[in-house]
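Notes follow once the structure below has been shown.
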Protein chains: 2
Amino acid sequence: MGAARPDGARGRIDKRQAILDGAFTIFARDGYHTAGMDAIAAEAKVAKHTLYNHFGDKENLFREVVAALSDQALARNLAAVEQLREQGDLAAMLTETGRCLAECYCDERSSALRRLLHSEITTMPDLLDIVRDRASDRVNDALAARLARLALAGRLDLGGDPAIAAEQFGALLTGSLEARSRLGTRKIPQAELRAVAGQAAATFLRAFGTES
Amino acid sequence: MGAARPDGARGRIDKRQAILDGAFTIFARDGYHTAGMDAIAAEAKVAKHTLYNHFGDKENLFREVVAALSDQALARNLAAVEQLREQGDLAAMLTETGRCLAECYCDERSSALRRLLHSEITTMPDLLDIVRDRASDRVNDALAARLARLALAGRLDLGGDPAIAAEQFGALLTGSLEARSRLGTRKIPQAELRAVAGQAAATFLRAFGTES
DNA sequence: CTCGTTATGCACCGATGAGTGCACTTTAGC
DNA sequence: GCTAAAGTGCACTCATCGGTGCATAACGAG
């Protein structure tokens with residue numbers, strides 16, 4: 001890193017982060033198998049040896065990339081769920097939360113993560129646990145908790161388990177989005193995103209709402 | 001194929017089918033990239049040259065496999081949807097249709113098809129069109145038509161477009177199933193399958209039912 | 001200044017896998 | 001039975017790619 005390091009890479013420690021970023025870019029673009037370690041090294045502006053010094057081998061690097069991505073996704077998803085409060089226009093809040101969740105779901109990084117997950121799930125089944133433990137499960141729990149509080153406040157009548165209602169709200173969103181985004185290939189315009197969220201919220205409220 | 005061909009392979013034409021079957025087995029087990037043409041030839045009990053005579057190259061073979069699988073999936077899914085008639089216990093019918101659709105969705109072949117689709121969608125975007133044209137869209141249309149007839153008979157009150165209601169019923173099923181089956185990794189027991197279908201039908205009827 | 005750590009560049013190995021060439025055998029149709 | 005098409009087996013090419021070795025350069029700490 002010669003003279004005054006004009007761009008990034010200030011110290012030793014952020015080599016690691018540069019590698020993770022570059023690796024994700026290449027993995028996302030080419031898929032796990034097609035992505036080459038040379039390409040990753042080039043993208044991260046790092047010698048190939050440095051990859052192996054930091055991460056051992058390709059598979060491990062991939063795992064770490066998945067973990068890092070899960071953490072990023074968690075933060076964004078939780079922020080969306082936290083918008084659900086006990087007072088305010090329920091339909092509007094649900095729609096807005098849904099829209100944010102939908103945006104997270106359609107984010108390029110999330111789409112790529114799902115694609116990579118699907119393609120390697122048979123050879124590395126533990127990947128799913130990484131993602132679940134770090135993101136999916138926590139988001140679901142958070143959503144279930146919010147819904148439960150709304151039920152307690154008399155604003156929802158979840159038939160039984162709040163976890164199932166949360167799962168179904170998520171399903172209404174993601175099921176539609178997966179189809180409409182062509183598995184993450186097509187960018188869904190904001191307006192359509194809002195429409196999907198609105199329809200999910202409407203159906204959810206028709207099923208579980210107490211006011212109408 | 002010496003003497004009296006004790007097992008399969010009676011004529012010339014079913015070499016093609018043998019290859020498609022074998023190729024799918026290997027693709028499903030190993031994924032597109034890891035699957036080797038030698039392994040496919042061995043699985044299909046066919047010389048490697050025969051693969052290339054019939055299908056030209058690996059990518060084209062893959063496409064044909066995907067198309068064949070889509071056709072199979074379509075048949076099973078349509079059979080499930082056709083159980084939805086205008087008379088009879090609505091909740092029971094919806095649950096049963098949902099259960100059959102869920103079974104199709106969780107079928108090993110369908111799970112593998114989805115995995116392969118996800119992993120190669122970036123390099124072969126036309127794969128999705130193959131599957132949509134041959135299966136997904138048709139199933140959705142058929143379901144929407146059935147729901148529309150139920151609405152016309154006064155047994156459902158779909159807010160607006162029947163296609164959206166159909167999409168949402170599908171989403172309630174597949175969204176839950178994708179999570180619970182660990183992306184097709186875990187085999188979901190019959191009882192749980194029925195429970196998921198029942199919950200989807202219940203929520204759908206709470207939202208769109210006219211009887212309650 | 002010096003020493004140990006970390007990064008770099010480059011050549012290299014070994015394995016794997018798609019696709020081909022060729023000589024040979026089997027089968028279907030006339 | 002004969003011929004042309006289709007299938008077989010095997011060796012082979014060519015390219016790619018994960019991972020390593022080595023000699024060298026930059027850097028941080030004492």
Side-chain angles (χ1 to χ4, degrees), chain A residues 1-65 116 119-120 123-124, chain B residues 1-65 116 119-120 123-124:
Chain A
M1 237 29 59
R5 40 195 95 82
D7 48 345
R10 294 172 316 286
R12 230 73 175 215
I13 307 139
D14 26 25
K15 281 284 161 70
R16 184 187 167 90
Q17 191 55 45
I19 295 174
L20 285 174
D21 290 346
F24 170 62
T25 302
I26 302 300
F27 280 139
R29 199 190 55 194
D30 299 343
Y32 175 72
H33 290 279
T34 312
M37 294 296 265
D38 295 286
I40 293 174
E43 176 72 26
K45 295 189 179 63
V46 143
K48 193 155 63 141
H49 252 345
T50 310
L51 298 187
Y52 290 96
N53 282 339
H54 277 278
F55 296 100
D57 63 4
K58 189 183 184 183
E59 202 174 302
N60 191 51
L61 170 58
F62 185 62
R63 263 179 249 272
E64 302 254 23
V65 167
L116 292 168
S119 55
E120 300 312 315
T123 46
M124 311 183 211
Chain B
M1 240 29 57
R5 41 193 91 80
D7 48 347
R10 294 174 315 289
R12 228 73 175 221
I13 308 137
D14 24 30
K15 281 284 160 67
R16 185 187 166 88
Q17 191 55 47
I19 294 174
L20 284 175
D21 290 346
F24 170 61
T25 302
I26 302 299
F27 280 139
R29 198 192 54 195
D30 298 343
Y32 176 72
H33 290 278
T34 312
M37 294 296 263
D38 295 286
I40 293 175
E43 176 71 26
K45 294 188 179 64
V46 142
K48 194 160 55 145
H49 251 346
T50 309
L51 298 187
Y52 289 96
N53 283 339
H54 276 277
F55 296 98
D57 63 2
K58 188 183 184 182
E59 201 174 303
N60 191 51
L61 170 59
F62 186 62
R63 263 180 248 272
E64 302 255 23
V65 167
L116 292 168
S119 56
E120 299 311 315
T123 48
M124 311 185 212

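To find a chain, count down the sequence lines: A is the first, B the second, and so on, and within it residues start at 1.
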Open item on the list: Quick check: any donor-acceptor pair below 3.5 Å linking the side-chain of A:K48 to the base of D:dG19?
Closed with: yes

Open item on the list: Closest-nucleotide mapping onto DNA chain C: is B:H49 or B:K58 further toward the 5' terminus? I mean the 5' end.
Closed with: B:K58

Task: Length of the line joining B:D38:CG and C:dG19:C1', which is rounded to integer Å - done: 10 Å

TODO: Report yes if at least one side-chain N or O of B:T50 is closer than 4.0 Å to OP1 or OP2 of D:dA6; otherwise report no.
DONE: no

- [ ] To the nearest Å, give me how far apart CG (A:N53) and P (C:dG4) are.
- [x] 18 Å

TODO: Would you check if B:Y32 and B:E59 make a side-chain contact, meaning some heavy-atom pair closer than 4.5 Å?
DONE: yes

Open item on the list: Which heavy atom of A:I19 sits nearest to which heavy atom of A:A44, and what is that distance?
Closed with: CA-CB, 3.8 Å

TODO: Describe the nucleic acid contact of B:A41 in one word from base, sugar-phosphate, nothing, applying a heavy-atom distance below 4.0 Å.
DONE: nothing

TODO: Please determine if a side-chain N or O atom of A:H54 lies less than 4.0 Å away from the OP1 or OP2 oxygen of C:dA7.
DONE: yes

Task: Note, B:H54 side chain near B:E64 side chain (heavy atom, < 4.5 Å) - done: no

Open item on the list: Just the rounded figure in Å: distance from C1' of C:dG17 to CD1 of B:I26.
Closed with: 15 Å

- [ ] Name the orientation class of the two ring planes belonging to B:F27 and B:F62 (parallel below 30°, tilted from 30 to 60°, perpendicular beyond 60°).
- [x] perpendicular

Open item on the list: Please report the distance, rounded to the nearest Å, between CG in A:L51 and P in C:dT6.
Closed with: 16 Å

Open item on the list: Measure CG/B:L61 against P/C:dG17 and give the value in whole Å, please.
Closed with: 16 Å

Task: Rounded distance in Å - CE (B:M37) to P (C:dT16) - done: 18 Å

- [ ] Return the value, rounded to whole Å, for the distance between atom NE2 of B:H33 and atom P of D:dG18.
- [x] 12 Å

Task: Side chain proximity check, B:L51 to B:I40, heavy atoms < 4.5 angstrom - done: yes

TODO: Describe the nucleic acid contact of B:A39 in one word from base, sugar-phosphate, nothing, applying a heavy-atom distance below 4.0 Å.
DONE: nothing

TODO: Verify the contact: side-chain N or O of A:K15 to OP1 or OP2 of C:dT8, cut-off strictly under 4.0 Å; return yes or no.
DONE: yes

Task: For atom OH of B:Y52 and atom P of D:dA6, their distance in whole Å - done: 19 Å

